[in-house]
2 protein chains.
Amino acid sequence: MGNHRSCCPISSSLDIFGDKWTLVIIRDFFAGKSLYSEFLDSPEKISTNILASRLKTLEKHGLIIEGKKSIKTGKKSYKLTKRGKSLYEVLDVMANWGLKNIKGTEKRISVPAP
Amino acid sequence: MGNHRSCCPISSSLDIFGDKWTLVIIRDFFAGKSLYSEFLDSPEKISTNILASRLKTLEKHGLIIEGKKSIKTGKKSYKLTKRGKSLYEVLDVMANWGLKNIKGTEKRISVPAP
DNA sequence: CAAATTACTTGCAATTCGATAGTAACTATA
DNA sequence: TATAGTTACTATCGAATTGCAAGTAATTTG
């Protein structure tokens, strides 16, 4: 998957998840969500086209995998791959930074270590 | 500065630096850069309008401060505030993630702890 | 069978991005 | 002193991305 701007691991990481939505979706995975409709329910109110395109690129980068539709519920589920789960530390440090440095933020979604 | 999408510290952090460029600039600060022209020189090749606008919002959020132009060199310099320096851990964990998970990345810019 | 739900796609206007060119202020060189 | 160069931007404009709303196909529930 090599068209990153430079060989810098920081800019290359940002090439994957440097936007306003991708890590919000990953956060939701850690919070236990796995269904399209569950991601839509989050307070940030992602729109359907953005969600669909982010899920696609997350899969492309091997951070999540799509499951089949459940025969019982008719719902498709997604889950984090091992690589996706390795983003835990990134989210954790960002959450702590936000809590310390942005007023009005609060710990709400418990992000259990994977 | 309160118009974040939710009270989540992760999404609120992303409201500030959730894009492809902001953390690249912060990385450069940690690498010792402080001049407009130095940021332009980075291998990612940020364009001038993006750099100027990012410096502006970084200042607005209190992560950097603008210095006056030097009378000797005619150059203006920017530097990280304490709050800006507190982003060190975020960069550090992202750099490690990239090194482990994105092939072709390499440790190049030494990021000394602030 | 009709209505609802789920997971999208499509269309479109508005915003943002990125490349380039231009500019104002100053500095160094001839 | 005139000229060229440097610095830190701003302006412009086409391209890409975003966000909202509406539409759709495949189930699934009443």
Side-chain angles (χ1 to χ4, degrees), chain A residues 3-6 8 11-12 14-26 28-29 32-61 63-80, chain B residues 3-6 8 11-12 14-26 28-29 32-61 63-80:
Chain A
N3 52 326
H4 35 253
R5 289 171 289 173
S6 77
C8 168
S11 76
S12 298
L14 294 171
D15 288 337
I16 296 174
F17 56 73
D19 71 274
K20 298 224 177 306
W21 290 110
T22 302
L23 290 180
V24 167
I25 296 168
I26 300 289
D28 284 350
F29 274 104
K33 299 186 176 184
S34 64
L35 305 174
Y36 192 89
S37 54
E38 292 177 317
F39 299 117
L40 287 181
D41 280 346
S42 287
E44 291 84 11
K45 294 294 164 215
I46 192 170
S47 57
T48 57
N49 55 347
I50 305 288
L51 176 57
S53 88
R54 291 302 183 278
L55 289 172
K56 212 160 276 172
T57 63
L58 281 170
E59 205 201 355
K60 191 183 84 184
H61 286 108
L63 299 173
I64 66 172
I65 44 168
E66 268 185 69
K68 298 278 169 203
K69 281 192 180 187
S70 158
I71 298 168
K72 301 201 169 191
T73 62
K75 295 181 186 184
K76 202 172 178 183
S77 73
Y78 300 85
K79 59 178 189 168
L80 290 173
Chain B
N3 53 326
H4 35 254
R5 290 171 288 173
S6 77
C8 168
S11 76
S12 299
L14 293 171
D15 288 336
I16 295 174
F17 54 74
D19 70 275
K20 297 223 178 307
W21 290 109
T22 302
L23 289 180
V24 168
I25 297 169
I26 300 289
D28 284 349
F29 272 105
K33 299 188 176 185
S34 63
L35 306 174
Y36 192 90
S37 53
E38 291 177 318
F39 298 116
L40 288 181
D41 280 346
S42 286
E44 291 84 10
K45 294 296 166 215
I46 191 170
S47 58
T48 57
N49 54 350
I50 306 288
L51 176 57
S53 88
R54 291 302 184 278
L55 289 172
K56 215 159 273 173
T57 63
L58 282 170
E59 206 202 354
K60 190 183 84 184
H61 286 108
L63 299 173
I64 65 172
I65 43 167
E66 267 185 68
K68 298 280 169 201
K69 280 192 179 184
S70 157
I71 298 169
K72 300 199 172 194
T73 63
K75 295 180 184 181
K76 202 173 177 180
S77 74
Y78 299 85
K79 59 178 190 168
L80 290 174

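First the proteins, then the strands, lettered A, B, ... as listed; each starts at 1.
- Ranking dA8(D), dC8(C), dT9(C) by closeness to the Y36(B) side chain, first place goes to dA8(D).
- D19(A) has its CG atom 15 Å from the P atom of dT16(C), to the nearest Å.
- Proximity of L14(B) to L23(A): side-chain heavy atoms (C-beta onward) are separated by under 4.5 Å at one or more points.
- Looking at W21(B) and E44(B), their side chains come closer than 4.5 Å, going by heavy atoms from C-beta outward.
- Ranked by how close their nearest DNA chain C nucleotide is to the 5' end, Y78(A) and S47(B) are led by Y78(A).
- Listed pair K76(B) / dC9(D) meets the phosphate criterion, a side-chain N or O lying under 4.0 Å from OP1 or OP2.
- The NZ atom of K75(B) sits 16 Å away from the P atom of dC26(C) (whole-angstrom rounding).
- R54(B) has a side-chain polar atom (N or O) that falls below the 4.0 Å cut-off from OP1 or OP2 of dC17(C).
- Nucleotide dC12(C) holds its C1' atom 14 Å from the CD1 atom of I50(A), rounded to whole Å.
- When the P atom of dT16(C) is taken as reference, atom CG of L51(B) falls 18 Å away, rounded to whole Å.
- Side-chain contact between Y78(B) and L58(B) is absent, with no heavy-atom pair separated by less than 4.5 Å.
- An OP1 or OP2 oxygen of dA7(C) is reached within less than 4.0 angstrom by a side-chain nitrogen or oxygen of S37(A).
- Between dA8(D), dT12(D), dG19(D), one nucleotide has an atom nearer to the side chain of N49(B) than all others, and that is dT12(D).
- Under a 4.0 Å N-O distance rule, the pair K33(B)/D41(B) does not qualify as a salt bridge.
- A close approach under 4.0 Å does occur between a side-chain nitrogen or oxygen of W21(A) and OP1 or OP2 of dG19(D).
- Atom CZ in F39(A) sits roughly 11 Å away from atom P in dC8(C) (whole-Å rounding).
- One atom, CG of L35(A), and another, P of dT5(C), lie 15 Å apart when rounded to the nearest Å.
- Distance from the side chain of T48(B) is smallest for dT20(C) among the nucleotides dA22(D), dA7(C), dT20(C).
- Taking atom CD of residue E38(B) and atom C1' of nucleotide dA8(D), one finds them 13 Å apart after rounding to whole Å.
- Salt-bridge annotation for R5(A) and D15(A): present, with a side-chain N of the basic residue lying under 4.0 Å from a carboxylate O of the acidic one.
- Rounded to whole angstrom, the span from the CD1 atom of I25(B) across to the C1' atom of dC9(D) amounts to 14 Å.
- In this model, the phosphate group of dT10(D) is approached by a side-chain N or O of K56(B) to a distance below 4.0 Å at OP1 or OP2.
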